[in-house]
Chemist: 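Take this structure, written in structure tokens, and hold onto it; I'll ask about it next.
Worth saying up front: this structure is predicted, and the values here are computed from it rather than measured. Throughout, a chain's letter reflects where its sequence line sits, starting with A, and its residues are numbered from 1.
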Amino acid sequence: MTLASFASRVVEWQQREGRSGLPWQQSADPYRVWLSEIMLQQTQVATVLRYYPRFLARFPDVQSLAEAPIDEVLGLWSGLGYYSRARSLHRCAQVVCAVHGGRFPTCAAELERLPGIGRSTAAAIASFCFHEPVSILDGNVRRLLTRHLGFDADLSKARNVDALWQRAQTLVPIEEPTSMPRYTQGLMDLGAMICTPRRPRCAACPLAGDCRAYASGEPERLPMRRLALARQSRQLWLLWLERPDGATLLQRRPARGIWGGLHCLPAFDSLDALRDAAHRGWGLTGAGQTESPRVHRLTHLDLTLQPVRWCLVPPGAPQFLDGADWYLPAQWERLGLPAPIRVWLQDSARSRSVDLAMPHERRPAAAIP
DNA sequence: AATGCGTGGGG
DNA sequence: TCCCCAAGCAT
């Protein structure tokens with residue numbers, strides 16, 4: 001008995017076993033699909049499920065998103081990571097409204113010209129919404145295809161990735177474009193549910209019959225492991241000032257780099273730089289109260305976050321710290337904040353409210369500068 | 001073309 | 001705990 005085509009096995013398996021209840025699968029509205037694809041870049045489904053409904057409720061269509069202030073967009077994105085996605089999302093919405101009359105382009109080539117939409121995301125949207133026979137090539141497909149084809153070339157080389165893109169494109173069901181949504185979804189589902197990085201469930205895979213990696217008996221050997229990157233270390237000194245009314249000093253971070261565009265405690269590369277700012281800005285004296293540092297692990301970086309606080313803060317806006325301002329909890333809650341900063345501020349606000357509720361209880365002693 | 005960009009799930 | 005890596009893209 002001969003095997004059905006690669007594509008038809010993917011499509012039939014998706015129909016039987018694939019995922020169908022995810023919120024962004026309930027409509028072929030390009031806006032909803034686009035939003036989900038951007039959120040899902042390098043981000044697991046379980047995580048996106050906590051953000052997508054809230055975001056969509058606030059921004060139900062591309063116009064509402066385009067008109068929104070960027071800080072509100074970043075606020076709803078806060079915690080999802082890779083914040084350049086949120087800034088590109090916002091710009092993309094504005095381009096779609098201003099240039100395309102509020103309707104997304106209907107082919108992958110045009111979609112790819114928009115901010116934040118690369119080749120794979122363009123193909124996902126075009127195949128889901130417009131049945132265009134173009135292949136995605138995300139982490140799932142990369143793993144599934146390298147295994148199925150026995151593709152052992154080094155994927156850190158662009159030419160090998162190009163070759164894999166070509167192989168992926170030759171497998172799409174161009175005779176049945178109406179099955180493209182299910183085909184694309186099936187590739188993603190197989191990668192996420194069957195062809196997993198560790199201990200793939202080959203016995204349940206509709207593609208095992210002609211899978212080179214399965215035949216080899218060691219499917220986990222593909223794709224070729226990227227060499228472990230030595231993680232660098234960086235230290236950020238954070239100026240943490242709270243006014244008596246509970247407002248916290250925050251500063252918008254530059255658009256480029258880590259936490260770009262988010263609000264954050266004013267950050268410095270050294271304790272000297274932080275103290276200099278505190279002394280010149282407020283006439284604060286002494287060393288400040290150095291809190292216990294926290295290591296924030298990113299994929300390629302160990303960030304040691306080291307807050308320094310002063311208890312007595314003169315009133316007034318800091319003119320010398322560009323863009324820095326005071327935010328009450330009700331205000332900063334809605335801003336985009338780095339995840340560890342939000343945790344810190346929340347803990348502080350919580351203990352503060354306990355203090356206020358029990359004014360006669362023992363309060364922490366004021367630090368001596 | 002190599003690198004930077006977040007956070008958290010899961011083994 | 002530690003490590004891998006996720007519906008990638010921009011520069």
Chemist: So A:I117, base contact, sugar-phosphate only, or nothing? Heavy-atom distance under 4.0 Å.
Modeler: sugar-phosphate
Chemist: Remember a base hit wins even if backbone is also touched, and classify A:G191 as base, sugar-phosphate or nothing at under 4.0 Å, heavy atoms.
Modeler: nothing
Chemist: Establish, with yes or no, whether the OP1 or OP2 oxygen of B:dG9 is under 4.0 angstrom from a side-chain nitrogen or oxygen of A:R50.
Modeler: yes
Chemist: Within the structure shown, what part of the strands sits under 4.0 Å from A:E112 by heavy-atom distance: base, sugar-phosphate, or nothing?
Modeler: nothing
Chemist: Tell me the interatomic distance from A:H296, atom NE2, to B:dG8, atom C1', rounded to whole angstroms.
Modeler: 10 Å
Chemist: Could you tell me how the ring of A:W240 sits relative to the ring of A:W344: parallel (under 30°), tilted (30 to 60°) or perpendicular (over 60°)?
Modeler: tilted
Chemist: Can you see which heavy atom on A:A123 is nearest to which on A:S135, and at what distance?
Modeler: CB-O, 3.2 Å
Chemist: Using a heavy-atom cut-off of 4.0 Å across all strands, would you classify A:S156 as base, sugar-phosphate, or nothing?
Modeler: sugar-phosphate
Chemist: Looking at every strand, decide which applies to A:L298 at a 4.0 Å heavy-atom threshold: base, sugar-phosphate, or nothing.
Modeler: base
Chemist: Could you check whether A:P340 gets within reach of a base, just the sugar-phosphate, or nothing at all, counting any heavy atom under 4.0 Å?
Modeler: sugar-phosphate
Chemist: Under 4.0 Å between a side-chain N or O of A:R142 and OP1 or OP2 of C:dA6?
Modeler: no
Chemist: Regarding A:T299, tell me which of base, sugar-phosphate or nothing describes its non-hydrogen contacts under 4.0 Å with the strands shown.
Modeler: base
Chemist: Under 4.0 Å, heavy atoms only, any strand: does A:T43 hit a base, just the sugar-phosphate, or nothing?
Modeler: base
Chemist: Which part of the nucleic acid, if any, lies within reach of A:W77 when heavy atoms closer than 4.0 Å are counted: base, sugar-phosphate only, or nothing?
Modeler: nothing
Chemist: Look at all strands and tell whether A:R199 reaches a base, only sugar-phosphate, or nothing, counting heavy atoms closer than 4.0 Å.
Modeler: nothing
Chemist: Answer yes or no: does atom OH of A:Y214 have more than 12 heavy-atom neighbours from other residues, nucleotides or ligands under 6.0 Å?
Modeler: no
Chemist: Is the shortest side-chain N/O distance from A:Q42 to OP1 or OP2 of C:dG8 below 4.0 Å?
Modeler: yes
Chemist: Please check the phosphate of B:dT7 (OP1 and OP2 only) for any side-chain N or O of A:Y83 closer than 4.0 Å.
Modeler: yes
Chemist: Please state whether the rings of A:H279 and A:W310 are parallel, tilted or perpendicular, taking 30° and 60° as the class boundaries.
Modeler: perpendicular
Chemist: Would you classify A:V45 as touching base, sugar-phosphate or nothing, given that sugar-phosphate means primed atoms plus P, OP1 and OP2, and contacts are heavy atoms under 4.0 Å?
Modeler: base
Chemist: Might you work through the salt bridge (Lys or Arg N to Asp or Glu O under 4.0 Å) test for A:D162 and A:R159, ending with a clear yes or no?
Modeler: CA-CA 5 Å; A:D162 282 343; A:R159 55 179 295 271; over 6 Å; no
Chemist: Describe the nucleic acid contact of A:A124 in one word from base, sugar-phosphate, nothing, applying a heavy-atom distance below 4.0 Å.
Modeler: nothing
